[in-house]
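The sequence lines fix the lettering, A, B, ..., with proteins before strands; numbering per chain opens at 1.
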Protein chains: 2
Amino acid sequence: MEARALETGERILDAAERLFMAHGYEGTSMRQITGEAGVNLAAVNYHFGSKESLMQEVFRRRLDWLNEERMRVLNELEREANGEPLKPSVIVDAFFGTLLRMAGDEKRGGMTFLRLLGRTLTEPSEFIRAFLAHEYKTVMDRYKEALFKALPEVPKAEIVWRFHFMLGATSYAIAGTDALRLVTDWQIEEEDSTDRLDRLVPRLMSFLIGGLRAPLPQFENATVEH
Amino acid sequence: MEARALETGERILDAAERLFMAHGYEGTSMRQITGEAGVNLAAVNYHFGSKESLMQEVFRRRLDWLNEERMRVLNELEREANGEPLKPSVIVDAFFGTLLRMAGDEKRGGMTFLRLLGRTLTEPSEFIRAFLAHEYKTVMDRYKEALFKALPEVPKAEIVWRFHFMLGATSYAIAGTDALRLVTDWQIEEEDSTDRLDRLVPRLMSFLIGGLRAPLPQFENATVEH
DNA sequence: GTCTATATCATGATAGAC
DNA sequence: GTCTATCATGATATAGAC
């Protein structure tokens with residue numbers, strides 16, 4: 001069957017990506033996936049072996065590119081800087097901006113994958129978190145080091161916490177296209193949806209950099225050194 | 001059976017709260033819940049009617065108090081201010097600080113409930129998001145209005161976005177006690193776990209306020225007014 | 001109110017014909 | 001590679017004895 005628009009494996013991945021995004025891993029059945037993909041139920045196990053392996057492949061297909069791109073961008077920036085420390089805002093843009101700009105790239109999953117990723121970082125399933133932690137480790141370490149150098153006066157623990165907070169804010173921003181629409185119930189009248197993504201990036205960047213560069217917290221009764 | 005430590009309903013709620021936190025709504029079966037609670041399988045349907053109603057009751061038990069407390073605190077602050085606008089940091093603390101301080105209050109669910117809440121805000125299940133949106137609406141509207149007054153020079157849409165980002169950062173901070181530990185893989189050597197919560201609050205507050213008060217974003221090719 | 005037993009259905013996975 | 005048919009399991013929910 002050469003006439004089929006996409007290979008069976010790709011069609012399964014596309015359907016799984018969308019359905020996992022919409023209903024979560026546990027909330028999506030293989031029957032739904034194969035039904036939407038228009039393939040036979042047995043095809044998932046034939047092509048991927050199991051539902052878990054399918055989930056991993058859904059992520060690997062996108063994350064391989066994303067993480068390589070993040071590495072490439074950071075390497076390039078450091079090369080241009082000639083040993084000078086980078087500005088924190090440049091590092092933040094290289095990490096989060098590269099991610100957010102995937103949203104406009106349909107052939108790399110677009111908003112669907114971004115929302116899936118945003119949701120999955122808090123997904124309860126153990127194997128998914130372990131898998132993502134492994135996939136991300138090299139890149140995270142690299143960016144943490146870059147931030148340590150860019151902010152030598154800030155304790156490393158604070159930087160790591162703030163990286164954590166930035167990840168959270170970003171995940172929500174992308175996962176919440178409809179999730180938190182409900183919670184916040186905003187009526188942003190002045191803009192249409194085509195503008196929304198273009199504006200989200202600078203909006204989020206301002207917020208993230210403001211948070212990253214905020215005055216350090218004062219601990220009340222902390223055991224400062226011991 | 002008066003001798004039982006807790007009523008059947010409460011024991012089910014406690015078990016469900018912990019298990020939904022650990023494995024998600026779809027990932028938790030009623031057999032697990034009743035097993036951990038030490039009650040019969042049929043007890044859930046007798047006391048709560050269905051798994052969905054149980055989930056709602058798990059949240060209502062905690063959110064009723066939280067949201068009343070948030071309203072009470074904000075009312076009190078505004079009363080004291082005598083019509084003067086509140087400082088943004090005071091409002092942020094009333095909303096997020098009140099939430100975070102629940103973590104230390106075991107009889108109000110403590111960290112378990114906080115982590116459940118953090119995860120659930122990105123939970124895919126439709127009915128949960130709809131339920132939370134309804135439960136939160138009054139409080140969210142009240143706090144948004146307070147922030148609008150506190151920051152009259154900032155466009156309302158920006159404030160709502162930044163509220164959104166703050167929710168995300170906070171959710172992660174609490175949901176991720178072990179979730180993002182994996183992703184960030186930090187080694188915070190200098191503090192023990194008893195300090196962690198005491199320090200999380202000022203850490204997160206600094207970040208949130210830095211983000212909320214950051215310089216406004218510049219939009220590249222935006223249709224500013226139309 | 002609490003239990004046992006069970007109805008009814010959906011799930012992930014696989015065997016084996018084509 | 002793709003299909004049908006089916007297995008074994010586990011899910012939510014309920015009927016009815018105690």
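In this structure, CD1 of A:Ile33 is placed 11 Å from P of C:dA13, rounded to the nearest angstrom. Spacing between atom CG of B:Leu41 and atom P of C:dC3 amounts to 11 Å, rounded to whole angstrom units. Distance A:His47 NE2 to C:dT14 P: 15 Å, rounded to the nearest Å.
Partner of A:Phe20 under the ring-ring contact (aromatic ring centres under 6.0 Å, His included) criterion, out of A:Tyr25, A:Phe59, A:Phe113: A:Tyr25 alone.
Of the listed nucleotides (D:dC3, D:dA13, D:dT2), D:dT2 has the atom at the smallest distance from the side chain of A:Tyr46. Distances from the side chain of A:Thr8 to the nucleotides D:dT2, D:dA13, C:dT2 place D:dT2 closest. The side chain of B:Asn45 approaches D:dA13 more closely than any other nucleotide in the set D:dA13, C:dA13, C:dT14.
Between A:Arg60 and A:Glu57 there is a salt bridge, since a side-chain N of the basic residue sits under 4.0 Å from a carboxylate O of the acidic one. Between A:Lys144 and A:Asp141 a salt bridge is recorded (basic side-chain N to carboxylate O distance below 4.0 Å). A salt bridge does not link B:Arg11 with B:Glu36: every distance from a Lys NZ or Arg NE/NH1/NH2 to an Asp or Glu carboxylate oxygen is 4.0 Å or more. Ionic pairing of B:Asp64 and B:Arg62 is not present here: no N-O contact between side-chain nitrogen and carboxylate oxygen is shorter than 4.0 angstrom.
Ring geometry, A:Phe165 versus A:Trp161: the interplanar angle falls from 30° to 60°, so the pair is classed tilted.
At most 12 heavy atoms of other shown residues, nucleotides or ligands fall within 6.0 angstrom of atom NE2 in A:His23.
Note that the two end axes of the helix from C:dG1-D:dC18 to C:dC18-D:dG1 enclose an angle of 0°, each drawn from 5 base pairs, rounded to 10 degrees.
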Within the sub-3.5 Å range, which N or O atoms of nucleotides 7-11 of chain D have a protein N or O partner, and how far apart are they?
| residue | atom | partner | partner atom | Å |
| --- | --- | --- | --- | --- |
| D:dA11 | OP1 | B:Ser29 | OG | 3.2 |
| D:dA11 | N7 | B:Arg31 | NH1 | 3.2 |

Check your understanding: Between A:Arg101 and A:Asp93, is a salt bridge (charged side-chain N to carboxylate O under 4.0 Å, His left out) present by the stated rule, with each step listed?
Key -> CA-CA 10 Å; A:Arg101 283 184 285 272; A:Asp93 184 75; 3.1 Å; yes
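When the side-chain nitrogen and oxygen atoms of B:Asn40 are compared with OP1 and OP2 of C:dT4, one or more of them lie within a distance under 4.0 Å.
For the 3.5 Å distance criterion, the side chains of B:Ser171 and A:Tyr172 qualify, holding a donor opposite an acceptor.
At the heavy-atom level, B:Ala43 lies nowhere under 4.0 Å from the strands shown.
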